[in-house]
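What follows is a short report on a single structure.
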Amino acid sequence: MDLAYVYRDDPERMSEELREATIEDDPSLFLKRLTYDGTTFLTEPLHKVDGEYVVHEEVGYDSPAATWQCLMHYEGESPYEFSLFTYYDIYVLTNRDDVTWEELQWGMLSSTAGDYIPFEQIYGEYTWREEAEQQ
């Protein structure tokens, strides 16, 4: 299965200088191939080479290929008033089958060595706070 990750600049949340510096890269698109051999998940970067999409890593640009043991599904209301979304429905790859979404988030935010738990989000659907307030 091939996955596409799209990243867009948000002019309301960035300085004009940063927006001008990154406007040519907006939106950014990254492609990955996800395979499963019955035991292990593998994600690998994809690029168009000689007219075909092939597994190819551009060092310093792509996340390298990674193997994962578990596919986890998390959904629910955001527990944080400061988060940009009110509801999430996500799938992540990780090597632990006992980890919660809150632990993964904490690991990303914590400055304590060892708190980070490696994972890769492969699907996400969010209700963004502004959308929820308009309903």
Side-chain angles (χ1 to χ4, degrees):
M1 167 189 295
D2 294 340
L3 306 170
Y5 297 84
V6 178
Y7 298 95
R8 297 218 46 146
D9 288 346
D10 186 347
E12 293 180 15
R13 292 191 170 91
M14 61 194 313
S15 70
E16 184 61 32
E17 294 81 16
L18 179 59
R19 176 75 180 133
E20 288 177 19
T22 61
I23 198 161
E24 289 187 25
D25 296 326
D26 183 37
S28 297
L29 175 68
F30 296 88
L31 302 174
K32 287 192 176 186
R33 176 153 298 150
L34 169 63
T35 56
Y36 180 66
D37 67 7
T39 305
T40 304
F41 296 91
L42 173 65
T43 56
E44 302 169 288
L46 286 178
H47 286 276
K48 194 171 191 177
V49 177
D50 295 329
E52 291 187 43
Y53 287 96
V54 296
V55 172
H56 172 75
E57 178 186 347
E58 295 197 14
V59 178
Y61 180 77
D62 292 310
S63 297
T67 57
W68 307 96
Q69 300 302 311
C70 306
L71 173 64
M72 306 294 286
H73 176 230
Y74 305 108
E75 66 177 321
E77 301 290 325
S78 172
Y80 310 110
E81 289 186 24
F82 60 82
S83 71
L84 299 176
F85 57 89
T86 59
Y87 178 82
Y88 60 92
D89 183 4
I90 58 173
Y91 289 83
V92 302
L93 297 170
T94 183
N95 289 318
R96 291 183 39 194
D97 65 358
D98 64 342
V99 68
T100 66
W101 177 237
E102 289 76 18
E103 290 170 318
L104 294 175
Q105 286 183 311
W106 174 253
M108 289 187 297
L109 300 173
S110 174
S111 61
T112 304
D115 282 352
Y116 180 73
I117 301 167
F119 75 97
E120 185 171 340
Q121 182 173 322
I122 59 167
Y123 173 81
E125 192 169 322
Y126 298 87
T127 301
W128 300 105
R129 188 160 303 284
E130 294 167 0
E131 292 173 14
E133 292 169 357
Q134 292 173 2
Q135 294 178 356

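Note on L84 and L104: same hydrophobic cluster, where clusters join Ile, Leu, Val, Met, Phe, Trp and Tyr whose side-chain heavy atoms are under 4.5 Å apart, directly or indirectly. A continuous path of hydrophobic side-chain contacts links W101 to W128 [ILVMFWY only; heavy atoms under 4.5 Å]. There is a path of hydrophobic side-chain contacts, each under 4.5 Å, that joins Y88 to V99.
The two residues A65 and P45 make their nearest non-hydrogen contact at N-CD, 4.0 Å. The heavy-atom pair separating I90 from G124 by the smallest distance is CG2-CA, 3.6 Å. Looking at every heavy atom in both residues, V55 comes nearest to L46 through N-CD2, 3.7 Å. Closest of all the heavy-atom pairs between D37 and T40 is OD1-N, 2.7 Å. Contact record, S83 with R129: O-NE, 2.9 Å, taken as the closest heavy-atom pair.
Here side chain to side chain donor-acceptor pair (under 3.5 Å) pairs that include residues 42-52, with residues two or more places apart or in two chains, are T43-E120, H47-D62.
In this structure, H73 NE2 and D89 CG are separated by 3.5 Å, a value rounded to the nearest 0.5 Å. Within the model, atoms OG1 of T39 and CD of Q69 stand 8.0 Å from one another, a figure rounded to the nearest 0.5 Å. From I117, atom CD1 reaches atom OG1 of T94 across 7.0 Å, with rounding to the nearest 0.5 Å. To the nearest 0.5 Å, the span separating CG on L31 from NE2 on H56 amounts to 12.5 Å. The NZ atom of K32 sits 9.5 Å away from the CZ atom of F30 when rounded to the nearest 0.5 Å.
Side chain to side chain, E102 and Y74 fail the donor-acceptor criterion of an N or O pair below 3.5 Å. Side-chain contact of Y123 with E125: a donor-acceptor pair under 3.5 Å is present, judged by distance alone. No hydrogens or angles considered: nothing links the side chains of W68 and N95 as a donor-acceptor pair under 3.5 Å.
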Next item on the list: Decide side-chain contact (heavy atoms from CB on, under 4.5 Å) for E57 and S63; before the verdict, give the C-alpha distance in whole Å, the side-chain angles of both, and the deciding distance to 0.1 Å.
Entry: CA-CA 8 Å; E57 178 186 347; S63 297; over 6 Å; no
Next item on the list: Go through L71 and I122 one step at a time and tell me if the side-chain contact (heavy atoms from CB on, under 4.5 Å) criterion holds.
Entry: CA-CA 9 Å; L71 173 64; I122 59 167; 3.7 Å; yes
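A side-chain contact (heavy atoms from CB on, under 4.5 Å) with L42 is found for exactly one of T67, L93, L34, namely T67.
The number of heavy atoms from other shown groups lying within 6.0 Å of CD (E81) does not exceed 12. Around atom CE of M1, no more than 12 heavy atoms belonging to other residues, nucleotides or ligands sit under 6.0 Å away.
For T112 (side chain) and D115 (main-chain N/O), no donor-acceptor pair under 3.5 Å exists by modelled atom type.
By the ring-ring contact (aromatic ring centres under 6.0 Å, His included) test, Y36 is found to be paired with F41, residues two or more places apart in sequence or in another chain being considered.
Using a 30° and 60° split on the angle between ring planes, F119 and Y116 fall in the tilted class, from 30° to 60°.
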